[in-house]
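Here's the structure we're looking at; comments come further down.
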Amino acid sequence: MKLGLLLLATTLPIAAFAQNSGTTVNSSTEYPNTFSSGSANVQPFDNKARRFRDWSISVGGGPAFMVHSALKSIRKDKINWGYNAYVSIDKQISHTFGLSLMYTRGETKQTGQLPGAPGIAAGVATATTQFDQISLLGDINFSNLLRRVDNHSPYRWAFHGYAGIGLQGYRTSLHDNDQNRWSDVPKRVPLFVKQDLAINSIYYQVGLGLKYNVSKLVDLEARTMYIISGEQAFDGSGYNNSSYDPSQPVASQNRYTILNNRRSYNAWTVSLGASFKLGKHESHLAWHDPLQEAYYRTSVLENASTDLVVCEKGDADNDGVCDDWDRQLDTPAGARVDGAGVALDMDLDGVIDLYDKCVTVPGPVENNGCPVK
C-alpha cells in the first residue's frame, strides 16, 4: 500500500509537467486576443478577408390574393387577380442564413355576398385592398442546411424558407348595392378604411422560395408568401376597433364579418424575381457549401500523386550526389566523395585520395601525395 502511494506521488507531478510542456499556447502580437497552437489559419476579420459575395439587391412581383377572410379573391365561380411587387436589400450572414430589408406594394380584389335577404338586397359586394409594407425578413437556405453528402452536382437550385415581421399601411374600399354605395337619397357612401403605416400596424409573413443560380451575378427565384395582417379590416369588410368611423352605420361597417369572423384577415402572394449579387468575388456565400468544399479537398488529397522525384537534374559525374546539390560536378570516376559531391582528401595535402599514394600522410603533388624523404 505504501509503495503504491509513493509511486502515485512521484508519477502525478511528472505527468502534469509532461502535459504542460507538450501543450504550446501562444498569442500573436498582430492579433493579441488570438491563441493558437500554430496550426490555425488566423486571418483578420475585415472586408479583405472575405472569400464570397454576401450582398445583393432583389426585385420581383406577381399576383396577390385575399384569403382566409370575409371577402375572398378566390371563389368557385371566379378568381379576382391582384398584384404585388417588392424590392429588397439582402445580406447573407452565413451559408445557411440571411437577412433582407424589404419594401412591398400590392393590391388585392375580393368579393362576397351576405346570406338571406341582406345578401339579395346588397348583391355581390366587391372590395379592394391596397397595401404598403416594410419588413425585416429572415432567410433560411434549406438546401445548404440539409446538405450532408457531396453528390458532385453543379448545385444550381436551392430551396429557401422565409419568415419576417414588419409594418404595413393599407387602404380599402367596399361597394355593394345596399348600404355601401354612392347615393344621395338616402345618403350613402361606400365603406372606406385607411390604416397608416405606423408602429401599431405590425404584420407577419412566412413563405417558401426556389432559387436558380443563373450566373455569378444573377439568381432567379419563384417565391410564395403568406401575409398575416393582424387586422379584421384588411379585406375591406369592416372597421376594426382601432379605426372605427362613427360617421358610418355600425351595421354596414361590420356585418360582412359574419362570412368569416376571425381576428386576422390574411393575404397570399406569388412572385417571380431576380437577385443581383454585389461584389467582386467569384461566388456568393448563399451558394457555398462548406461540406462540399471539405469533401473536394479531401478527394484531391486522396488522389494526389505520391511519386517522389529525386535527382531531377541528374548526376553528370556519376558520383552518387545529385547535380541539384553537387558542389563538384566533374568528380573523377572512382573517387570517393563527401555529401556535397566533393572528392575526399583525407590528409588535406591537395591530392585526392584517388591519386594519393600516402592517404594518411600529407605530401606534395609532385611526389603523388607522399612526403619527400
Side-chain angles (χ1 to χ4, degrees), residues 3 6-52 150 152 280-283 288-373:
L3 180 60
L6 179 61
L7 291 174
L8 182 62
T10 55
T11 54
L12 279 178
I14 295 174
F17 174 76
Q19 183 173 357
N20 289 335
S21 61
T23 304
T24 303
V25 179
N26 50 57
S27 63
S28 169
T29 56
E30 186 176 358
Y31 313 111
N33 296 324
T34 302
F35 293 89
S36 170
S37 64
S39 61
N41 182 17
V42 181
Q43 295 181 350
F45 188 71
D46 56 20
N47 285 332
K48 293 182 179 179
R50 292 192 306 171
R51 297 174 52 200
F52 309 98
D150 179 13
H152 303 286
K280 298 181 179 179
H281 293 82
E282 186 66 22
S283 60
H288 175 67
D289 179 13
L291 283 176
Q292 190 174 32
E293 182 178 4
Y295 294 144
Y296 169 75
R297 294 191 177 188
T298 301
S299 176
V300 169
L301 291 176
E302 290 176 347
N303 297 312
S305 175
T306 57
D307 295 338
L308 181 61
V309 179
V310 296
C311 285
E312 186 175 356
K313 295 182 179 180
D315 181 9
D317 54 9
N318 200 29
D319 61 357
V321 178
C322 297
D323 291 351
D324 303 73
W325 51 82
D326 195 334
R327 293 174 55 192
Q328 190 178 64
L329 296 175
D330 56 351
T331 305
R336 293 185 301 163
V337 297
D338 59 15
V342 178
L344 295 178
D345 180 9
M346 295 292 292
D347 52 12
L348 302 177
D349 58 2
V351 181
I352 64 173
D353 294 352
L354 178 65
Y355 305 131
D356 198 334
K357 294 185 177 180
C358 300
V359 178
T360 59
V361 181
V365 177
E366 295 78 5
N367 200 31
N368 298 321
C370 293
V372 179
K373 296 182 179 179

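Hydrogens, waters and symmetry mates play no part in the numbers below; they use all other heavy atoms, side chains included.
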Rounded to the nearest 0.5 angstrom, the CG-CG distance for Asp323 and Asp317 is 6.5 Å
What pair of heavy atoms forms the shortest contact from Ile352 to Ala343, and how long is it?
CG2-CB, 3.8 Å
If we only count heavy atoms from C-beta on, is the Asn368 to Val351 side-chain gap below 4.5 Å?
no
Do you know which two heavy atoms are closest between Trp325 and Gly339, and how far apart they sit?
CD1-O, 4.3 Å
Between Asp353 (side chain only) and Met346 (backbone N and O only), is there a donor and an acceptor less than 3.5 Å apart?
yes
d(Asp349 CG, Asn367 CG) to nearest 0.5 Å is 10.5 Å
Minimum heavy-atom distance between Asp319 and Gln328, given as atom pair plus value:
OD2-O, 4.1 Å
Nearest heavy-atom pair of Pro371 and Pro364: which atoms, and what distance?
CA-CD, 4.4 Å
Taking Val321 as the fixed residue, which of Val342, Leu329, Val337 is the one that meets the side-chain contact (heavy atoms from CB on, under 4.5 Å) rule?
Val337
Could you check whether any side-chain N or O of Thr331 sits under 3.5 Å from a backbone N or O of Gly341, counting only pairs where one atom can act as donor and the other as acceptor?
yes
Rounded distance [0.5 Å steps], CG in Asp315 versus CG in Asp324
9.5 Å
